[in-house]
Amino acid sequence: QVQLRESGGGSVQMGGSLRLSCVGSRTGYNAYCLAWFRQVPGREREEVATIFTGDSVTSYADSVKGRFTISQDNAKGTLALYLQTNMLTPDDTAVYYCAAAPSYCGGVNVLAPSQFRYWGQGTQVTVGS
């Protein structure tokens, strides 16, 4: 069982930055695909970045490439995932979720959202114009 909890969301002006965090415990599997998703009401959930715990290989959606950075800091029995968001625009406004899948990532949008077994509760990011 893996329990995840996000923090770090908030309101910023366009061009600002936020650092999102996701912490949790892990048992069982040796490696996970960790990902950040975001969702706006009425729209499909969008996967923005992934990182594999086994080798730290990362991938990004085109919409955030060059502006967002995903990273991890995992010790035995724990998961710590981060998303540094820079040069934010109003289009980045959404609820951001972290998720974990007991699988290799393969890149953004390779794994379906249903394959991510564990999810956090979400943190709101609001970017003003």
Side-chain angles (χ1 to χ4, degrees):
Q1 186 70 21
V2 175
Q3 295 180 325
L4 302 173
R5 178 176 294 274
E6 302 97 338
S7 62
S11 296
V12 295
Q13 292 300 306
M14 187 168 60
S17 301
L18 286 172
R19 181 175 170 84
L20 307 183
S21 300
C22 173
V23 295
S25 60
R26 65 173 173 175
T27 59
Y29 297 98
N30 292 323
Y32 287 85
C33 175
L34 303 179
W36 287 97
F37 289 78
R38 64 186 182 185
Q39 189 166 26
V40 175
R43 297 175 64 177
E44 290 189 359
R45 190 166 293 190
E46 177 189 13
E47 187 175 36
V48 297
T50 66
I51 187 168
F52 182 57
T53 61
D55 57 14
S56 295
V57 170
T58 62
S59 62
Y60 298 91
D62 288 344
S63 58
V64 305
K65 198 172 294 183
R67 301 188 298 121
F68 290 10
T69 302
I70 188 172
S71 61
Q72 62 168 342
D73 184 9
N74 299 317
K76 184 178 180 180
T78 67
L79 289 172
L81 179 67
Y82 306 98
L83 187 69
Q84 178 66 44
T85 66
N86 298 324
M87 296 184 287
L88 287 164
T89 76
D91 287 342
D92 295 315
T93 295
V95 177
Y96 284 71
Y97 299 89
C98 62
S103 170
Y104 182 66
C105 295
V108 168
N109 294 326
V110 172
L111 298 181
S114 60
Q115 292 178 273
F116 286 86
R117 190 173 300 179
Y118 309 106
W119 293 83
Q121 82 289 351
T123 186
Q124 176 70 46
V125 171
T126 303
V127 184
S129 58

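We're numbering straight along the sequence, starting at 1.
Remark: side-chain polar atoms of Glu6 are not paired, donor with acceptor, to backbone N or O of Cys22 under 3.5 angstrom. Side-chain N or O atoms of Thr58 include none that pairs as donor or acceptor with a backbone N or O of Ile51 at under 3.5 Å. Side-chain atoms of Gln115 do not come within 3.5 Å of backbone N or O of Ala101 as any donor-acceptor pair. A side-chain donor-acceptor contact under 3.5 Å links Thr53 to the backbone of Tyr32.
Of the inter-residue distances, the one linking Leu34 atom CG with Ser71 atom OG reads 10.5 Å to the nearest 0.5 angstrom. Summarising the geometry, atom CG belonging to Leu81 is positioned 4.5 Å from atom CD1 belonging to Ile70; distances are rounded to the nearest 0.5 Å. Between the SG atom in Cys33 and the CZ atom in Phe52 there is a gap of 8.0 Å [rounded to 0.5 Å]. Distance check: Trp36 CH2 to Glu47 CD gives 13.0 Å after rounding to the nearest 0.5 Å. Atoms CD and OG1, from Gln72 and Thr78 in turn, are 10.0 Å apart once rounded to the nearest 0.5 Å. Note: Asp91 CG to Arg38 CZ = 8.0 Å, rounded to the nearest 0.5 Å.
Here the closest heavy-atom approach between residue Phe116 and residue Ala99 is recorded as CD2-CB, 3.7 Å. The minimum heavy-atom distance linking Val108 with Ser59 is given by the pair N-OG, 3.0 Å. Contact between Val2 and Leu79 at its shortest, heavy atoms only, is CG1-CD1, 3.7 Å. When all heavy atoms of Ala31 and Gly54 are compared, the pair lying nearest together is CB-N, 4.3 Å. Residues Tyr104 and Asp55 come closest through the heavy atom pair CE1-OD2, 4.1 Å. Contact between Thr123 and Ser7 at its shortest, heavy atoms only, is OG1-C, 4.3 Å.
Within a 6.0 Å sphere centred on CD of Gln121, other residues, nucleotides and ligands contribute more than 12 heavy atoms. Heavy atoms from other residues, nucleotides or ligands lying under 6.0 Å from CD of Gln3 number 12 at most. Around CZ of Arg19, the count of heavy atoms belonging to other residues, nucleotides or ligands within 6.0 Å exceeds 12.
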Between Val125 and Leu20, does the side chain to side chain contact (heavy atoms under 4.5 Å, CB included) criterion hold? Intermediate values first, please.
CA-CA 9 Å; Val125 171; Leu20 307 183; 4.0 Å; yes
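Hydrophobic clustering of Ile, Leu, Val, Met, Phe, Trp and Tyr side chains at less than 4.5 Å, counting indirect connections, unites Val12 with Val48. One hydrophobic cluster holds both Leu18 and Phe68 under the rule that ILVMFWY side chains link at heavy-atom gaps under 4.5 Å. Leu111 and Tyr96 are members of different hydrophobic clusters when ILVMFWY side chains are connected at heavy-atom separations under 4.5 Å.
Here Phe37 and Trp119 bring their ring centres to under 6.0 angstrom of each other.
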